[in-house]
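Accompanying notes for the structure given below.
Below, chains carry the letters A, B, ... as their sequence lines are ordered, and counting in each starts from 1.
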There are 2 protein chains.
Amino acid sequence: MKGLSAVSVFLGTHQNRFDAKGRVSIPAGFRSVLRAQATEGESLLILRPSHTQPCIEAWPATAFARLAQPLDQLSMFSDEHDDLAAALYADAYPLDPDREGRIILPDFLREHAGLSDSVTFMGLGRIFQIWEPAAAQQRVAEARQRSRRVTLPAQKGGEG
Amino acid sequence: MKGLSAVSVFLGTHQNRFDAKGRVSIPAGFRSVLRAQATEGESLLILRPSHTQPCIEAWPATAFARLAQPLDQLSMFSDEHDDLAAALYADAYPLDPDREGRIILPDFLREHAGLSDSVTFMGLGRIFQIWEPAAAQQRVAEARQRSRRVTLPAQKGGEG
DNA sequence: TGACGTCCCATAAAATCCCATGATAACCCA
DNA sequence: TGGGTTATCATGGGATTTTATGGGACGTCA
């Protein structure tokens, strides 16, 4: 593969616009990561509102499956199981892009993220997030600030 | 002997120019280091703005993966994880050179480094940096000054 | 029937491919 | 050691492909 495509994690931020029909292109790079992570018979990606931030989380099928794994360790029918299942699944929204790689966001997600006419796709490694552009900028600045304090546990082997 | 090509770290300083299409050649020596450090399925290099200097950091795939390793030790969904992921990934920009070894820098990186028509590639061992030539010179001078006062810690064995 | 999503085609801009060139540096052989 | 021959490199540019975006037509499911 060429160009941005040869990556297996979501990196960088990209800004695209809604068209008149409410469609947005998923950045090409992200599309190819999604394809690489796709699971036969599952939708290409799963959206859900972030529970801590005004943005939409986008999960590739495989990553979402992993996310849900802790469920298996809870006894079925327990309250914990139900709670977790509800938290994970109830507001998840599986989705496949059209042939041009565009998606249409359901209203509840657009509202949750406060989207208007443009969206920022923010790569976060395993997943990516969809933000209102202004909020995205703010978020990154904040994250930079905070992670400056969260000094990394020193790497063994002198990092090299 | 093969000259610089046989080295696995980024050494030296090279200055190249943007062409009319906004492309710059990565110095040949750096290219071969990048190839040596490449990871199957990942882009050849990852750029990000330096958070401490007006320059662009260029990471080979493997080194970047190491940089991001601490993430794996944080539980998904923790605030630390989110902050760190955003800080590391959101402004990263993966890319692959064209067949001639040239790259096109996105605007936000060109602006961050204040690039105009030429760029200086500065080898820093594990990574290299991309500078506006004047700023690079200044930077090197400062670094020389400062490192005069610094004593290197004794080396333990072990190359990366 | 009508709203909405999908299929298909269209397009401008941008990125990439592919070929070309002058300059320099590496090489070879006498 | 000299001097010509090659290979490599930085750079240039036309042709092609990809990408983001726009929009008409069709299906489907209430």
Taken to the nearest whole Å, CG/Leu105(A) to P/dT6(C) is 12 Å

Does either side chain, that of Glu42(B) or that of Ser8(A), offer a donor lying less than 3.5 Å from an acceptor on the other one?
yes

Closest to the side chain of Asn16(A), out of dC7(C), dT11(D), dA20(D), is dA20(D)

Ignoring backbone atoms, test whether Arg31(B) places a side-chain nitrogen or oxygen under 4.0 Å from the OP1 or OP2 oxygen of dA10(D).
yes

Rounded to whole angstrom units, what separation is found between the CD1 atom of Ile103(B) and the P atom of dA10(D)?
12 Å

Which of dT19(D), dC7(C), dT16(C) is nearest the side chain of Ile104(B)? It is dT16(C)

Let me know the distance between NE2 of His14(B) and P of dA10(D), rounded to the nearest Å.
9 Å

Contacts of Glu100(B) and Asp96(A) projected onto DNA chain C by closest heavy atom; the upstream (5') one is Asp96(A)

In whole angstrom, what separates Asp107(B)'s CG from dA13(C)'s P?
16 Å

Rounded to the nearest 0.5 Å, what separation is found between the CZ atom of Arg139(A) and the OG1 atom of Thr120(A)?
13.5 Å

Any carboxylate oxygen within less than 4.0 angstrom of a Lys/Arg side-chain nitrogen, looking at Asp79(B) and Arg146(A)?
no

Between Arg99(B) and dC18(C), does any side-chain N or O lie under 4.0 Å from OP1 or OP2?
yes

Which whole-number value in Å describes the distance from Asp98(B) CG to dA14(C) C1'?
14 Å

According to the interplanar angle, ranging from 0 to 90°, do the rings of Phe30(A) and His14(A) count as parallel (below 30°), tilted (30 to 60°) or perpendicular (above 60°)?
perpendicular

Of the listed dG12(D), dG23(D), dT21(D), the closest approach to the Lys21(A) side chain comes from dG23(D)

Rounded to the Å, how far apart are Asp19(B) CG and dA15(C) P?
12 Å

Whole angstroms only, please: what is the CZ-P distance between Arg110(A) and dC4(C)?
11 Å

Is Arg23(B) touching bases, backbone alone, or none of the nucleic acid, heavy atoms closer than 4.0 Å?
base

With a cut-off of less than 4.0 Å, is there a side-chain N or O of Arg102(B) near OP1 or OP2 of dG12(D)?
no

Under 4.0 Å, counting only non-hydrogen atoms across every strand here, what does Ile26(B) touch: a base, just sugar-phosphate, or nothing?
sugar-phosphate

Before giving the answer on side chain to side chain donor-acceptor pair (under 3.5 Å), spell out for Asp91(B) and His51(B) the whole-Å C-alpha distance, their side-chain angles and the decisive distance to 0.1 Å.
CA-CA 10 Å; Asp91(B) 52 12; His51(B) 291 171; 3.0 Å; yes

